[in-house]
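Contents: one structure, followed by commentary.
In what follows, chains are A, B, ... by sequence order, proteins preceding strands, each numbered from 1.
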Amino acid sequence: MKSQVRAVINATLDALKAKGLIAFAQLPNYSVEVPKQAEHGDWSCNVAMVMSKAVGKKPPELAELIISNLADASGLITSISKAGPGFLNLKLKDSAFQQVALDVLKAGESWGRAAPQSTGKKVMVEFVSANPTGPVHIGHARGTFMGDAIARLMDAAGHEVTREFYINDFGNQVDTLGRTVFKRYQQLFGVKVELAEGEYPADYVIDIAKTWKAEVGDAYLNQPESAWLPKAKAVAIRENLNAIKATLAKANIAHDVFFSEASLHDSGKVRAIVDVYKDRGVTYEAAEGRRREKGDKVRDAESKAAQYADRQKGGTFLMTATYQENGKYVLKDEEDRVILRHDGTPVYLTADLAYHKEKFDRGFDLAVDVFGADHAGHVPRIQSGMKLLGYDETRLKFVLVQMVRILRGGEEVKLSKRSGNVYELADLIEDAGADVCRFIFLMKTANAQFDFDLDDVKRQSKDNPVFYFQYGHARCASILKKAEEKGTRFVGATALTPAQLARLVLPEEKAMLKKMSLLGEVVASAAEKLEPHHVLYYCQELIADFHSYYTQYKSDPIISDDAEKTQGRLALVAALKQTLKSAFAILGISAPEYMESPPEE
RNA sequence: GCGCCCGUAGCUCAGCUGGAUAGAGCAUCGGCCUUCUAAGCCGAGGGUCGUGGGUUCGAGUCCCGCCGGGCGCACCA
């Protein structure tokens, strides 16, 4: 509907240009919006204000020109007026609204979605990427749901999407995990060993040791570390990944690819990327990384840099900060970063650079990384690293998910891995339900922190906003079902007659149809911005409109003795149901056909 | 000290590339079930959009300073 309005405006502008009344090189980037005030018409347009300067006419004057020369061959616009500082307020013929219901019903499940893979773009969304040293906990929850929703959005926007999980199965942490597993394994045979500081005390490690014992018996009990460590690690990673996958499945999330960091080392790609950088002349050997700004590093004595200063012995540095083009710094990092330690071993960053190179080499047009805000410092390094390889860094985007404070009865819940007491995502889903969890984390933008109270989530079952949404869909389903019971089954889009459709004339009905017509645009915009919450707020508005309409017209109900009007209104209900179902699918929440009334308190 | 993010109703948060009288949910108060589910609807109160400047026809939105909060500034992953 909006595009029809736009077409008329564009045609008018072209006509004005042809008549020599105005001059412009290109059609301007103006907006056609739903006005906040209903009295302002069905749509409003700011084109006269936007073009004002370029054409050298005052907004009201230009607005008058457009109105008096409107090129509306099909009679779409029934009224157009100038208002305020130069807005154009438009009203459209009823059939333009009614057509939306048909459009929705004909599109069915694809309503609101671009044709699958129609953009021809390959998009990777990397999310979760929790260390395989333990279960997914609620600290991961926000990024997990956010990443999945972004992937769903990208898919709906017509991209070919790959969901990927980067497994940090290399380095100290998994080695420590392997050693912990071995100690637990020894304990199962009665060997007296104590866990050291930094090892993993949680019970799941004991379970892993039991599994291992069941598989290999005492085969590794008296072997040297070089023999048992790889095995213990492998078992631990395998078991943890299985647990992670099971948790994600409960959250209705399935990754397409689990990409192993260790495999990058094994295949030599980590070494290879160092050589690439060396060949490009963007590395140097030094004891300390150079900084872009002159002057001493200002670091708190408490900082980890100071704490671990003795580990920083120098090595090969990548010019993530000091690389210059035409005598100017072009990268954002503040200090060059080590990619090989003094002993020649690569660091985490080195592998991650190799991984991101891999993303580009695998042909992704866009790679989205969903990170926790505590990894924000990592972003400029990867961006710099990709630019130093000559890649277009705009093909890489980061969504930084801010911290969530988890409260229980007003008290903050600390996520302590040390004690082994973690509140797992699986527990949260068990307690609150997958839809509720997902909804809570998608309700807000990623880049704002928020608090959420576990008690509220559980107790709130009745007032929880997700039920409001789902009830909107269930109410549509219920009405359609009721119509069937009363013998006035909705005839469907193809059998619907123009006369039936023409009975949709109420302002509330037209407002809903207008809003429904916008789903595709909302999805496209949310996908572009990597912000799923726009879809959610869109649903909220649509559902509120519907509940209000439903209540307001109880005395003039949807299902009435007037068969023609009933069919028209059922078309609206069916279209709304489909619109909500499509939107819910993009968010990943379920669209129930029926909901029980909640138990009375 | 430096960098990134945030500051909008009592609370939790929306506010699209700057647009007309700043919104929703929760909470509070007052109404609405013999009709298609009251997990709903209607109404009321509640705001110097942290603060001070600037940019322009027009600023919650853009720029700068300041105040307050979070995260980061290890060759750990």
Side-chain angles (χ1 to χ4, degrees), chain A residues 29 31 33 35-37 40 44 46 49-50 52 58-59 83-87 89 131 133 168 170-174 261 289 293 297-300 303-309 311-315 317 332 334-335 337-342 345-349 351-352 372-380 400 402-403 405 443-445 447-453 456 460-465 467-468 470-472 474-475 478-483 485-486 521-522 525-526 529 531 533-534 536-537 540-541 544 547-552 554-555 557-560 573 594-598:
Chain A
N29 189 18
S31 70
E33 296 179 332
K36 285 176 194 164
Q37 312 293 320
H40 291 150
S44 73
N46 68 352
M49 291 181 287
V50 172
S52 170
K58 295 198 163 159
F87 286 103
N89 289 339
N131 283 345
T133 52
N168 300 132
F170 184 90
N172 293 336
Q173 293 182 2
V174 283
E261 180 187 357
E293 305 298 332
K297 296 181 193 177
V298 180
R299 274 179 186 159
D300 199 87
S303 79
K304 287 166 183 167
Q307 211 173 320
Y308 296 102
R311 290 193 198 169
Q312 299 168 36
K313 296 176 184 170
F317 285 84
K332 285 181 189 154
E334 49 190 27
E335 181 177 343
R337 303 292 163 181
V338 151
I339 52 172
L340 291 180
R341 297 186 183 94
H342 71 285
T345 55
V347 299
Y348 174 77
L349 175 65
D352 213 16
D374 53 342
H375 286 64
H378 204 56
V379 170
L400 291 176
Q402 293 293 322
M403 298 291 113
R405 280 207 318 164
M443 220 163 22
K444 293 136 217 261
T445 51
N447 61 5
Q449 308 148 228
F450 81 103
D451 295 352
F452 106 90
D453 197 312
D456 283 354
Q460 245 187 15
S461 57
K462 180 177 168 174
D463 297 323
N464 204 299
F467 296 118
Y468 180 85
Q470 296 183 319
Y471 181 52
R475 177 168 259 180
S478 172
I479 291 167
L480 291 167
K481 192 171 168 227
K482 189 64 130 191
E485 288 166 13
K486 290 190 174 179
E521 197 175 316
V522 170
S525 158
K529 288 183 283 198
E531 292 178 344
H533 73 273
H534 293 295
L536 194 147
Y537 281 89
Q540 144 77 30
E541 284 180 26
H547 283 314
S548 176
Y549 164 76
Y550 174 92
T551 308
Q552 191 180 338
K554 266 197 168 172
S555 56
I558 293 164
I559 303 165
S560 66
V573 173
Y594 182 77
M595 289 172 76
E596 291 287 344
S597 286

- Query: Heavy atoms under 4.0 Å, any strand shown: does A/Tyr594 hit a base, just sugar-phosphate, or nothing?
  - Reply: base

- Query: Heavy atoms under 4.0 Å, any strand shown: does A/Ala474 hit a base, just sugar-phosphate, or nothing?
  - Reply: base

- Message: Between A/Asn46 and A/Phe87, is there a side-chain heavy-atom distance shorter than 4.5 Å?
- Response: yes

- Query: Less than 5.5 Å between centroids and less than 30° between ring planes, does A/Phe87 satisfy that with B/A20?
  - Reply: yes

- Query: Touch check for A/Ala373, heavy atoms < 4.0 angstrom, all strands: base, sugar-phosphate only, or nothing?
  - Reply: sugar-phosphate

- Query: Does A/Arg341 place a side-chain N or O at less than 4.0 Å from the phosphate oxygens OP1/OP2 of B/C76?
  - Reply: yes

Can you check nucleotides 11-16 of chain B for protein contacts, nitrogen or oxygen pairs under 3.5 Å, and list what you find?
from	atom 1	to	atom 2	distance (Å)
B/U12	O2'	A/Lys444	NZ	2.7
B/C13	OP1	A/Gln449	O	3.0
B/C13	OP1	A/Asp451	N	3.4
B/C13	O2'	A/Tyr537	OH	2.9
B/A14	OP1	A/Thr445	N	2.8
B/A14	OP1	A/Thr445	OG1	2.5
B/A14	O3'	A/His533	NE2	3.3
B/G15	OP1	A/His533	NE2	2.8
B/C16	O2'	A/Lys529	NZ	3.2
B/C16	N4	A/Glu33	OE2	3.2

Contact list (N/O, under 3.5 angstrom) for nucleotides 41-47 of chain B vs protein:
from	atom 1	to	atom 2	distance (Å)
B/C41	OP1	A/Tyr468	OH	2.8
B/C41	O4'	A/Thr551	OG1	3.1
B/C42	OP1	A/Ser548	OG	2.9

- Message: Nearest heavy atom decides the nucleotide; on that basis, is A/Gly377 or A/Gln37 closer to the 5' end of RNA chain B?
- Response: A/Gln37

- Query: Should A/Gln173 and A/Asn168 count as side-chain neighbours, where that means a heavy-atom distance under 4.5 Å?
  - Reply: no

- Counterpart residues, ring pair (Phe, Tyr, Trp, His ring centres under 6.0 Å), relative to A/Tyr550 (two or more places apart): none

- Nearest-Å distance, CG (A/Asn168) to C1' (B/A77)? 6 Å

- Message: Taking the minimum atom-to-atom distance to the side chain of A/Gln540, which one of B/A39, B/A77, B/G25 wins?
- Response: B/G25

- Is any side-chain nitrogen or oxygen of A/Lys332 closer than 4.0 Å to OP1 or OP2 of B/C4? no

- Task: Name all residues meeting the side chain to side chain donor-acceptor pair (under 3.5 Å) criterion together with A/Glu521; count only those two or more places apart in sequence or in a different chain, and write none if there are none.
- Result: A/Lys2

- Could you tell me which residues satisfy ring pair (Phe, Tyr, Trp, His ring centres under 6.0 Å) with A/His342, sequence neighbours excluded, listed by chain and number? none

- Using a cut-off of 4.0 Å on non-hydrogen atoms, how would the nucleic acid contact of A/Ser31 be classed: base, sugar-phosphate, or nothing? base

- Query: Which of parallel (below 30°), tilted (30 to 60°) and perpendicular (above 60°) describes A/Tyr348 and A/His378?
  - Reply: tilted

- Determine the contact category for A/Gly372: base if any of its heavy atoms lies under 4.0 Å from a base atom, sugar-phosphate if only primed atoms, P, OP1 or OP2 are that close, otherwise nothing. nothing

- Message: Apply the syn/anti split at 90° from 0 to B/C33 and say which one it is.
- Response: syn

- Message: Show me the dot-bracket string of RNA chain B, counting Watson-Crick or G-U pairs under 3.5 Å, with | for pairs to another strand and [ ] for crossing ones.
- Response: (((((((..((((.....[...)))).(((((.......))))).....(((((..]....))))))))))))....

- Would you check if the side chain of A/Ser548 reaches a backbone N or O of A/Ala544 as a donor-acceptor pair within less than 3.5 Å? no

- Task: Spell out, as yes or no, whether a donor-acceptor pair under 3.5 Å connects the side chain of A/Arg341 to the backbone of A/Pro346.
- Result: yes

- Item | Polar side-chain contact A/Asn89-B/A20 base: donor and acceptor under 3.5 Å | yes

- State which of B/C2, B/A39, B/C5 makes the closest approach to the side chain of A/Glu334. B/C2

- Message: Which is more 5' along RNA chain B, the nucleotide nearest A/Leu340 or the one nearest A/Met595? Just name the residue.
- Response: A/Met595

- How is A/Gln470 classified with respect to the nucleic acid when contacts are heavy atoms under 4.0 Å: base, sugar-phosphate, or nothing? nothing

